[in-house]
Amino acid sequence: MYLKNFSVYLPEADRYLLQNLSFSLLPHDKLALIGEEGNGKSTLLRLIQGQDLGAYVQVSGELNREGAYLAYLPQSLGAGELAKSPQTYLWGHLPHSDLDYGLYYRLLDQLQLDEDRLQEGISLGQLSGGERIKFLLLLVQLQGPDIYLLDEPSNDLDFEGLEVLENFIQETDKPVLFVSHDEVLLENCANAILHVEHLGPDLVPRQTFVRIPYREYRDQHLQQYQKEMQIAKKDQSQFAAKVRRQQEIFERVQHDLRNVSRADPEAGKNLKDKMRSVKAQEKRYAKEEDQLRKKPLKERPIRLDFVQNLDLPHSTKEILDLHVPELRVGAGLQAKHPQGRLLSRDLDLHIRGLEKICLVGPNGCGKTTLLRMIAQELRQGDLSIAYMPQNYFEEMDPAQTPIAFLSRSAEKSEHTAVRTFLGSLEFRPEEMFLPLGQLSGGQLAKLYMAKMVFSEASYLVLDEPTRNLSPLSAPRVREALAAYPGGIIAVSHDRKFIREVIDKVYRLDPSGLHLLSPAAQAEI
């Protein structure tokens with residue numbers, strides 16, 4: 001498969017997402033497509049898969065799949081697909097006659113997916129986020145394609161699932177083109193990089209394709225930027241010194257002209273000739289300045305800072321005293337479990353003062369359900385909290401704009417402040433007025449972060465907060481959360497987030513909630 005001079009234009013925004021992109025996918029490529037939120041990574045993957053995106057984009061150039069069969073794992077499913085049962089969705093993408101049952105059961109075992117769970121009469125929307133990703137990974141492998149296209153395949157996976165995913169990408173003999181923001185996954189799996197950037201105020205697209213591992217590319221990219229910046233600064237410094245010397249000569253000649261004696265016409269003529277020479281040199285310098293090496297353009301990281309002087313609870317204040325005799329989900333939805341499916345029992349969580357804790361555990365064990373209960377319990381007290389759900393539209397209206405989502409009033413001054421803050425999160429002016437339903441997952445995640453900054457809450461309750469953030473944005477968000485003076489209760493399998501932000505880790509399993517030892521936490 002290859003692309004040649006491939007361009008994607010957005011008529012509504014009057015700009016290019018991609019311009020003159022050329023690359024080929026070889027049999028053993030594990031090609032990671034990286035870039036900032038909203039740079040068109042998912043759009044490119046969908047176009048390669050063959051989706052018709054209608055009037056949303058205009059495409060030119062060559063895309064040749066060379067007769068290859070492509071299996072596509074989407075970043076998210078639409079409402080109609082989420083309403084389907086796993087079995088209906090499976091057979092809709094894989095005829096019965098094509099199912100390799102031996103592979104089916106091996107994959108179920110590898111992914112730790114319970115076959116009964118997929119046949120309980122529930123919808124895909126009732127699976128946990130991690131279960132849904134595992135099911136989609138099962139499906140794309142059952143399809144036996146020539147090429148795998150994976151859009152954020154690590155989203156919501158537990159640690160065991162991440163290990164299975166990494167092994168699959170590393171060991172498959174088929175090419176894989178994948179979008180991911182998981183820096184550890186990129187470091188462990190990618191042997192080629194396609195980096196999509198939008199540079200400068202005009203958002204000029206630049207694509208870089210190399211066949212080197214992610215960490216090597218990241219270091220080279222930074223070193224090249226620093227080298228180009230150093231050369232540009234040196235050239236501009238030397239040019240500025242020449243201009244200063246020229247200005248000194250000009251001022252000296254001008255001074256001499258004002259003071260030359262009329263009795264010495266020869267000296268006056270020489271000075272006028274010298275002035276013409278000086279002005280000619282100025283014109284040459286003006287042309288030289290246009291040809292100077294410019295400072296290299298680079299996408300700017302987001303700026304995110306939480307208010308430090310928050311109204312915080314005392315270190316001895318009881319924040320949460322939660323006891324859950326039985327953790328169940330799906331009550332009244334499944335004939336097989338009319339009281340809901342039992343996930344765990346005898347859960348206890350006690351929090352005093354300010355803590356930064358994380359809940360981990362296998363997919364489908366009830367982490368999101370438990371986190372919702374924690375948020376509900378905290379809201380009943382006098383504590384100010386901000387909540388970020390795993391499903392962003394649980395607390396978002398897809399028809400709202402980013403400005404409306406963040407504004408608490410209709411005052412013009414507040415809207416101006418919101419637009420300024422959105423700019424610091426690298427939202428383009430036209431994106432501030434788009435419906436939320438048209439934004440990328442990373443952009444929605446940044447909006448929730450902005451909402452939390454504005455809320456000045458003393459506790460943040462976060463469900464997979466970093467899973468859609470790019471490798472440029474995620475470190476800044478982790479840095480901001482680590483410096484956040486309040487408490488955090490999170491569900492996450494982001495290994496860097498846990499290492500850099502979290503103090504305590506609890507593992508949820510069928511027997512309850514267990515605090516990990518420092519040694520066990522260090523192994524994450």
Side-chain angles (χ1 to χ4, degrees), residues 1-11 15-36 38-75 93 136-137 139-141 143-153 165 168-181 185-186 188-199 203-218 220-221 224 299 440 470-471:
M1 186 197 82
Y2 66 86
L3 281 75
K4 185 175 180 181
N5 296 327
F6 190 76
S7 298
V8 179
Y9 177 72
L10 298 179
R15 65 182 180 88
Y16 281 90
L17 277 180
L18 303 164
Q19 197 163 27
N20 297 323
L21 168 63
S22 297
F23 76 93
S24 60
L25 195 64
L26 298 182
H28 298 290
D29 281 344
K30 318 298 182 190
L31 174 58
L33 175 53
I34 64 172
E36 291 312 292
N39 275 12
K41 301 180 298 297
S42 294
T43 298
L44 176 58
L45 221 58
R46 292 166 66 191
L47 289 169
I48 290 174
Q49 192 232 352
Q51 292 187 34
D52 181 5
L53 302 186
Y56 168 65
V57 298
Q58 293 176 3
V59 176
S60 60
E62 188 175 356
L63 166 57
N64 192 328
R65 302 179 187 86
E66 300 179 311
Y69 173 49
L70 284 62
Y72 170 65
L73 186 152
Q75 184 180 133
H93 291 77
L136 293 173
L137 281 170
L139 175 58
V140 295
Q141 292 180 76
Q143 290 173 327
D146 301 307
I147 298 173
Y148 290 98
L149 305 177
L150 312 177
D151 196 350
E152 295 289 3
L165 174 63
F168 160 65
I169 294 176
Q170 291 166 350
E171 295 171 6
T172 180
D173 60 355
K174 304 293 176 60
V176 180
L177 173 54
F178 67 103
V179 173
S180 180
H181 293 145
L185 180 73
L186 291 170
N188 292 345
C189 296
N191 63 14
I193 303 295
L194 175 56
H195 187 184
V196 178
E197 300 173 276
H198 289 170
L199 303 174
L203 303 173
V204 177
R206 179 176 73 184
Q207 302 90 212
T208 305
F209 174 70
V210 290
R211 282 196 172 87
I212 58 176
Y214 171 72
R215 186 176 293 179
E216 184 179 344
Y217 171 73
R218 182 192 61 196
Q220 280 189 12
H221 187 258
Q224 181 66 24
E299 288 185 309
S440 71
S470 75

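Bear in mind that the values here come from a model prediction, so they are computed numbers and not experimental data. Side-chain atoms are counted along with the backbone in the values below, which use heavy atoms only and exclude waters and symmetry mates.
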Determine yes or no for a side-chain-to-main-chain donor-acceptor pair under 3.5 angstrom, with [X] supplying the side chain and [Y] the backbone.
X: Gln51; Y: Leu47; answer: no
X: Asp29; Y: Leu26; answer: yes
X: Gln207; Y: Gln19; answer: yes

Please test Ser22 against Leu3 for side-chain contact (heavy atoms from CB on, under 4.5 Å), starting from the C-alpha separation and ending with a verdict.
CA-CA 5 Å; Ser22 297; Leu3 281 75; 5.9 Å; no
Close side-chain approach of [X] to [Y], heavy-atom, < 4.5 Å:
X: Arg211; Y: Asn191; value: no
X: Asp151; Y: Leu33; value: no
X: Asn39; Y: Leu18; value: no
X: Leu194; Y: Val210; value: no
X: Phe178; Y: Leu45; value: no
X: Leu203; Y: Tyr16; value: no
X: Ile169; Y: Tyr148; value: no
X: Asn64; Y: Met1; value: no

If you compare all heavy atoms of [X] against all heavy atoms of [Y], which two are closest, and at what distance to 0.1 Å?
X: Thr208; Y: Glu197; answer: OG1-OE1, 4.2 Å
X: Ile147; Y: Ala68; answer: CD1-CB, 3.9 Å
X: Leu185; Y: Ser180; answer: CD2-OG, 3.4 Å
X: Ile48; Y: Arg65; answer: O-NE, 2.6 Å
X: Ala55; Y: Pro11; answer: O-CG, 4.0 Å
X: Thr172; Y: Lys30; answer: O-NZ, 2.5 Å

For Phe209 and Phe23, take the angle between the two ring planes, folded into 0 to 90°, and tell me which bin it lands in: parallel under 30, tilted 30 to 60, perpendicular over 60.
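Rings of Phe209 and Phe23: tilted, as their planes differ by 30° to 60°.
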Distance check, rounded to the nearest 0.5 Å: [X] atom [atom1] versus [Y] atom [atom2]?
X: Tyr9; Y: Leu17; atom1: OH; atom2: CG; result: 11.0 Å
X: Ile193; Y: Tyr217; atom1: CD1; atom2: OH; result: 8.0 Å
X: Ser470; Y: Lys41; atom1: OG; atom2: NZ; result: 7.0 Å
X: His195; Y: Arg206; atom1: NE2; atom2: CZ; result: 8.0 Å
X: Leu149; Y: Leu70; atom1: CG; atom2: CG; result: 4.5 Å
X: Cys189; Y: Leu150; atom1: SG; atom2: CG; result: 10.5 Å

If we count only N and O atoms by modelled type, under 3.5 Å, do the side chains of [X] and [Y] hold a donor and an acceptor together?
X: Glu36; Y: His198; answer: no
X: Glu62; Y: Tyr2; answer: yes
X: Ser42; Y: Gln75; answer: yes

Salt-bridge present (Asp146, Lys174; N to O < 4.0 Å)
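Looking at Asp146 and Lys174, the cut-off is not met.
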Assess whether side-chain contact (heavy atoms from CB on, under 4.5 Å) is satisfied between Ile34 and Val196, documenting all intermediate values.
CA-CA 6 Å; Ile34 64 172; Val196 178; over 6 Å; no
For Leu31 and Val176, run side-chain contact (heavy atoms from CB on, under 4.5 Å): C-alpha distance rounded to whole Å, both residues' side-chain angles, the deciding distance at 0.1 Å, then the answer.
CA-CA 6 Å; Leu31 174 58; Val176 180; over 6 Å; no
Let's go through His93 and Gln143 carefully: what are the C-alpha distance in whole Å and the side-chain angles of both, what is the deciding distance for side chain to side chain donor-acceptor pair (under 3.5 Å) to 0.1 Å, and is it a yes or a no?
CA-CA 8 Å; His93 291 77; Gln143 290 173 327; 5.8 Å; no
